Amino acid sequence: MSTIIVSGAATAGLRERFRAHGLKQKTVVLFDTNTRKLFGEKLLSAMKAEGFTVLELTVPSRENSKSFSTAFKLYGRMIEAGVDRSWNLLAVGGGVVGDLGGFIAASYYRGIPVIQLPTTLLAMTDSSIGGKVAVNHPLGKNLIGFFHLPELVLIDPSYLRTLPAREIYSGLSEVVKYGFIADRAMFERLDEHFEEVTALEEPYLTEAVRRSAEIKEAVVEADFREMSGLRATLNFGHTFAHGLEKLADYRFIRHGEAVTIGMACALSLSNHLGYLDEASLERGLALIRKFRFPRGLVEKRFLSIEAPVLLENMLSDKKKLDSRLRFVLLRALGEAFLLEEDVEDREVLRAIESAKDFFRNPRSC
Ligand SMILES: NC(=O)c1ccc[n+]([C@@H]2O[C@H](COP(=O)([O-])OP(=O)(O)OC[C@H]3O[C@@H](n4cnc5c(N)ncnc54)[C@H](O)[C@@H]3O)[C@@H](O)[C@H]2O)c1
């Protein structure tokens with residue numbers, strides 16, 4: 001598996017870190033325009049001072065940089081610069097840069113090592129870990145890709161200080177998800193220190209990031225290719241979220257925002273189907289209540305969607321693939337499972353309606 005370092009010193013002494021992992025000092029460093037501006041000078045000058053040979057590449061900071069055409073252009077830059085299999089690639093950014101960088105590393109010269117330096121909360125706790133790398137296709141997100149584990153994941157939570165609040169909340173939904181699916185104590189701690197984590201206060205922030213990374217890594221290690229159903233539990237709330245993202249054309253809602261709403265739906269479904277008791281449902285929703293969306297827009301968008309329309313959008317890709325919806329449910333706070341049986345549409349609709357009631361009037365639920 002990968003070596004994951006969570007520390008304020010994660011990016012110090014890169015030469016030694018690379019050497020210890022058998023990585024050469026010839027490195028393609030991939031940024032997006034924001035991470036280049038924020039972290040580029042300091043990182044590149046430190047690397048050059050340590051004797052690295054560097055090819056610097058920057059892509060626009062937007063989801064559609066995760067495309068085959070961008071990758072194709074970057075392969076060209078790398079070939080022209082003489083990058084061969086003795087090089088590696090360091091991806092500095094959020095999930096977009098991490099997924100694109102991982103995709104390029106997995107395919108270039110039949111594969112070169114990738115090192116992830118995640119700079120968003122979502123990337124630190126989710127996308128940089130586990131080796132799923134991909135680009136989008138016009139017919140769907142993340143459809144073209146590989147399993148290509150990073151050699152190293154370098155996580156310095158202080159990189160988050162420049163991240164906008166909306167991105168913090170968005171990443172936090174995946175953090176909370178780990179509490180829901182795998183760790184009751186983490187759930188309790190997040191519930192107690194939610195404000196401190198959102199304010200990036202230590203030690204709460206590093207603790208939350210470290211525990212998330214540990215859980216993701218452990219799940220991936222036990223079920224790398226998603227065969228046993230364990231890795232699928234990472235998709236708690238995501239079946240609903242995908243429908244919401246699709247309806248918003250992947251533009252007007254952040255992934256984490258959709259997951260937050262999706263988790264409220266999944267909690268209700270777990271309760272309605274008799275797996276999760278009422279008290280746990282209430283406690284789960286109480287944590288979700290702490291999320292702040294920009295000007296309430298996300299809730300309004302969700303409330304304006306008819307439940308059957310959301311269900312139709314959750315199903316649309318599945319119909320094309322002739323497959324069915326799969327739901328991750330909770331048996332208790334900290335214990336998730338992938339439900340093997342089909343769920344009747346009316347139960348899915350009922351769960352969406354319950355979540356709508358909750359977001360309509362979060363205090364009363
Ligand atoms: N591979 C996986 O397992 C996996 C898992 C979840 C999500 N993803 C993918 O991750 C992507 C979303 O990632 P994301 O939410 O990190 O989005 P992102 O990469 O688009 O980053 C969000 C924004 O924050 C900016 N940014 C990054 N770091 C910053 C910093 N420290 N300070 C200020 N601004 C900063 C970026 O430039 C961008 O504008 C999606 O493409 C999704 O499919 C992949």
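Atoms within a ligand are numbered from 1 in the order they appear, just like the ligands themselves. Note: hydrogens, waters and symmetry copies are ignored here, and every other heavy atom, side chains too, is used. A quick note: this is a predicted structure, and the numbers were derived from the prediction, not measured.
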S.K.: Name all pairs fulfilling the side chain to side chain donor-acceptor pair (under 3.5 Å) condition that reach into residues 101-116, sequence neighbours left out, sorted by first residue then second.
M.R.: Tyr75-Ser107
S.K.: Only distances under 3.5 Å count here; give the side-chain donor-acceptor pairs of residues 139-152 to other protein atoms, sequence neighbours excluded, each with its distance to 0.1 Å.
M.R.:
{"from": "Lys141", "atom 1": "NZ", "to": "Glu63", "atom 2": "OE2", "distance (Å)": "3.0"}
{"from": "Asn142", "atom 1": "OD1", "to": "Lys66", "atom 2": "NZ", "distance (Å)": "2.5"}
{"from": "His148", "atom 1": "NE2", "to": "Ile112", "atom 2": "O", "distance (Å)": "3.0"}

S.K.: Under a 4.0 Å heavy-atom cut-off, which residues neighbour ligand 1?
M.R.: Asp32, Asn34, Thr35, Leu38, Phe39, Ser61, Glu63, Lys66, Gly94, Gly95, Val96, Asp99, Thr119, Thr120, Leu122, Asp126, Ser127, Lys132, Lys141, Asn142, Tyr159, Thr162, Leu163, Glu167, Lys216, Arg254
S.K.: Can you give me the closest heavy-atom contact between Ala232 and Arg326, atom names plus distance?
M.R.: CB-NH2, 4.0 Å
S.K.: Could you check whether any side-chain heavy atom of Val97 comes within less than 4.5 Å of a side-chain heavy atom of Phe31, counting everything from C-beta outward?
M.R.: no
S.K.: Hydrophobic side-chain clustering at under 4.5 Å (ILVMFWY, transitive links): who's grouped with Leu122? Put none if nobody.
M.R.: none
S.K.: Check the hydrophobic clustering (I, L, V, M, F, W, Y; side-chain heavy atoms under 4.5 Å; chains of links allowed) and say if Leu244 and Phe327 are grouped together.
M.R.: yes
